[in-house]
Structure formats: structure tokens, C-alpha cells
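We name chains A, B, ... by the order of the sequence lines, and we start the count at 1 in each one.
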Amino acid sequence: MADSKVAFELVSPERLVVSMPVDMVVVPGGEGDFGVLPGHAPLIASVRPGVIEVYEGREVSDRIFVAGGFAEVTGERCTVLAESAVRVADIDVGDAESDLRTAESDFASASSDSDRADAERRMGVAQGKIDAVRRSSH
Amino acid sequence: MASLKDLRGRIASVQATRKITSAMKMVAAAKLRRAQEQAEAARPFAERMERMLASLGASVKGSPGAPALIAGTGSSQTHLIVVATADRGLCGGFNVNIVRRARQLIQKLEDEGKTVKILCVGRKGRDQLRRLHGSKIVQTIEGVGRRAVAFSEADEIGDKVRSMFDNGEFDVCTIVYARFQSAISNVVTAQQLVPAEPPVQDDKSQQDDLGGAVYEYEPTEEAILAELLPRNISVQIFRALLENAASEHGSRMTAMDNATRNAGDMINSLTLTYNRTRQAMITKELIEIISGAEAV
């Protein structure tokens with residue numbers, strides 16, 4: 001299995017973001033991160049807001065932030081359906097921080113449960129983006 | 001008989017119209033290309049989602065604890081019809097065809113004694129349905145995809161549908177839209193959104209992929225399905241809106257192409273009449289002069 005690869009696909013509703021064979025991907029699953037190597041057991045998992053790490057050999061070749069979604073894994077492929085996807089390098093920290101502030105004030109002033117849940121979700125996404133940039137910068 | 005001045009005026013006005021229609025045709029052609037690219041770019045997501053839903057839905061559908069979004073509410077008394085049309089006219093039979101299909105559906109359901117509610121996406125649909133079915137229109141959403149259809153817009157409509165379903169305002173939801181085939185043809189389609197109809201599982205490709213193994217679910221099958229189904233509504237609406245946008249621009253392009261050609265024909269025939277009339281007048285004047293000269 002030394003030369004086999006995982007066909008990794010990352011799709012957002014608007015387009016196919018990434019489609020390439022890779023050695024390993026680490027996906028932020030709803031119940032914790034999981035790595036996908038060739039020959040992984042078939043799995044369907046939810047994805048929380050976080051960073052997908054793509055490995056070529058032993059090096060991380062790409063980091064992509066996803067705002068939640070689903071992952072489907074089989075022996076030879078790994079498909080991630082993300083609500084939105086952006087490369088960590090392209091994240092604007094200033095934007096993310098202002099998003100976080102808006103979400104926080106929305107959360108504080110939310111009148112209904114669904115508004116509050118929506119604001120909380122947005123807080124999670126913005127916080128995830130900021131963390132992603134911080135972690136990759138050192 | 002029209003005077004020369006009248007004819008000149010008409011030729012000028014038809015020429016002005018032709019300029020407008022040919023400009024609209026070119027704008028529609030440019031927008032069509034963009035809309036088509038967008039529709040194609042969105043296809044992988046919808047396909048993967050369908051594949052996931054197929055494998056999940058097949059195992060859950062029969063079980064008693066299945067979510068209402070896939071199993072239904074157990075009744076089919078109240079129907080919600082989402083009529084997706086354009087905001088603007090001048091696109092041939094595009095809006096009319098969609099509305100006609102919606103009307104047939106409403107008629108059929110009412111004959112069966114069902115209650116019908118309508119959610120209009122796009123101004124033209126509302127305008128055409130208002131006269132007969134005004135009281136059934138719950139809400140009209142306008143201005144979708146003015147530049148390009150964004151997923152957030154589809155998600156808003158999806159939110160609306162989901163909250164209505166959660167409040168028990170309908171049992172079955174259908175979306176009527178025009179599926180894009182080519183610049184000159186589209187197929188008006190009525191697709192059921194709620195309860196979701198999982199696509200038929202393609203046994204062969206699945207078996208090849210899994211080698212007979214069964215998916216594991218994390219956290220659980222139900223939890224994933226509960227998250228996936230609401231998303232699926234937005235995704236299906238998004239896909240319908242994209243197909244609609246492409247169909248709209250295609251129809252407009254064809255309609256404006258015809259209009260431009262008709263204007264050209266009209267200018268030719270008007271010019272012919274104009275020249276004939278002019279010639280007839282010259283002849284008449286000549287006859288008058290000659291007969292005047294002879295009389296002297």
C-alpha cells in the first residue's frame with residue numbers, strides 16, 4: 001500500500017474547491033479529528049468548523065478552513081462537503097474578528113432560540129478562523 | 001395610405017427597438033455563460049450530497065424513528081408549492097411555462113381536496129398567480145440572483161421552508177422550476193423537497209466502492225441524517241435557482257434573437273413601402289407637370 005493515495009475532494013455548494021490524490025488528510029470531525037489514509041474503513045461523519053490538513057508525504061501541503069459540513073470516506077476516497085471553505089493563508093484576521101464581534105453582540109441581543117443558535121454558530125466559525133490563523137503562524 | 005413622414009417615423013422607431021433587443025440579446029448571452037458555469041460548478045456538491053443521502057436514506061427510511069423530513073408527517077393534506085420564476089419579463093415563454101405548470105399542480109391538488117399554499121420566488125410568478133390564487137400566496141421573495149445566485153440566498157429560502165415545516169404549516173413541499181437543457185430549451189420540473197425522496201441507490205457503483213462493507217457513522221446515523229436533511233433542502237433549492245437562472249437567460253437570449261430578426265424583417269418591408277410611396281409620388285408629380293404642359 002506504500003504507493004497508494006487517497007482521492008481527496010473538498011466541495012462547497014458553489015464549486016469544487018480541491019480534487020487531488022493525497023497521502024493523508026486530517027479532518028476535524030464532530031467527535032474529534034480523524035486522519036484518513038488509504039484503505040480507511042467506510043465512514044460518514046459530521047465535520048465541525050476547523051482546519052483540514054492535507055499531507056503530502058510527511059509534510060502538511062495545504063491547510064483549508066471549513067465552516068462545518070460532512071465527510072464521506074471509503075477505502076480509496078475522502079469527500080468533504082463543506083458549507084464554506086477557504087485556505088488558511090487567505091483568511092483575513094481583521095474580517096474574522098469583526099465577524100466575531102457582530103456575532104457576539106447578536107448573541108447578546110438575540111430574542112429567540114433560533115437567532116441565538118445562529119449567532120452561536122457564527123461565533124464558532126469566526127473563532128475557528130482566528131484560531132486557524134494563529135496556529136499556522138507559529 | 002401612410003404619408004412619407006409617418007413611414008420615416010415608424011422605420012426610425014423599429015430601428016431603435018432593434019438596437020435595444022439586440023443589446024439585450026448580447027447581455028443575456030454573456031449572463032447565460034456565467035450562469036451555466038455556475039450551475040456546472042455547483043453540480044458536484046449536489047451529487048455528493050445525493051450519494052450520501054442515498055446510502056443513509058435507504059437504511060433509515062423504513063424505521064419508525066426516521067426524521068419527519070424524510071418520512072413525512074404521515075398526512076398529505078397541506079401542500080406548499082415553491083414557484084421559482086424570474087423577476088423580469090421579456091424572456092419568451094419562460095415565466096408563463098413555469099406558472100402554467102404550477103397552476104396545473106394547484107388545480108390537481110385542489111380537485112383532490114387538499115389545501116395549497118404558495119411561496120413565490122421571483123416577481124413574475126407572483127404577478128401571474130395573484131389574480132387566481134392571491135389568497136394562497138404566503139410570501140414572495142424578490143431580487144434573488146440579481147447578479148449571481150448565492151448559496152446564502154437559497155439558504156434563506158430553505159430557512160423559511162424549514163421553519164414553516166417545523167410549525168406544521170404544511171405536509172408536502174414541491175418546488176417548480178425550469179431545468180436547463182440548452183440555450184433554446186428547458187424543461188419545467190416539479191420536484192418534491194419534503195419529504196425528501198432519496199435517489200435510487202446505484203447498487204453496482206456502491207458495491208465497487210465499498211467492497212461489500214457498510215458505512216460507519218460518526219456520531220450516529222440519526223444525528224447525521226438530522227443535520228443532512230435540512231441542508232439538503234437548501235442545496236436542492238440552490239440547484240433549482242441556478243438551473244432557473246441559466247434557463248431564464250437562455251430563454252431571454254432566444255426571445256431577443258427572434259425579436260431582433262423580426263424587427264429586421266419589419267424594417268425591410270417598411271423601407272420597401274417607403275420607397276414605393278416615394279416613387280409613386282414622384283410619378284404623380286411628373287404626370288401633373290406633363291399634363292399641365294400639354295394643356296397649354
Inset, instruction - Answer whether the closest heavy-atom distance between the side chains of Leu225(B) and Leu53(B) falls below 4.5 Å. - result: yes

Exactly one candidate in Asp106(A), Asp99(A), Asp115(A) meets salt bridge (charged side-chain N to carboxylate O under 4.0 Å, His left out) with Arg122(A); the answer is Asp106(A)

Per-residue tally against chain A (heavy atom, under 4.5 Å) across Met49(B), Gln38(B), Arg231(B) peaks at Arg231(B)

Are more than 12 heavy atoms, taken from residues, nucleotides or ligands other than Ile184(B), located less than 6.0 Å from that residue's CD1 atom? no

### Task
May I ask you to decide if Lys124(B)'s main-chain N or O and Asn95(B)'s side chain share a donor-acceptor pair within less than 3.5 Å?
no

**Message:** Which label fits Phe151(B) and Phe238(B): parallel for a plane angle under 30°, tilted from 30 to 60°, or perpendicular past 60°?
**Reply:** perpendicular

Okay, Ser12(A) and chain B: the region with an atom under 4.5 Å from a heavy atom over there is backbone

Applying a strict 4.5 Å limit to non-hydrogen atoms, the region of Leu242(B) in contact with chain A is neither

Heaviest contributor of heavy-atom pairs below 4.5 Å to chain B, chosen from Ser46(A), Gly29(A), Ala71(A), Gly69(A), is Ser46(A)

Honestly, the part of Arg239(B) sitting under 4.5 Å from a heavy atom of chain A is neither

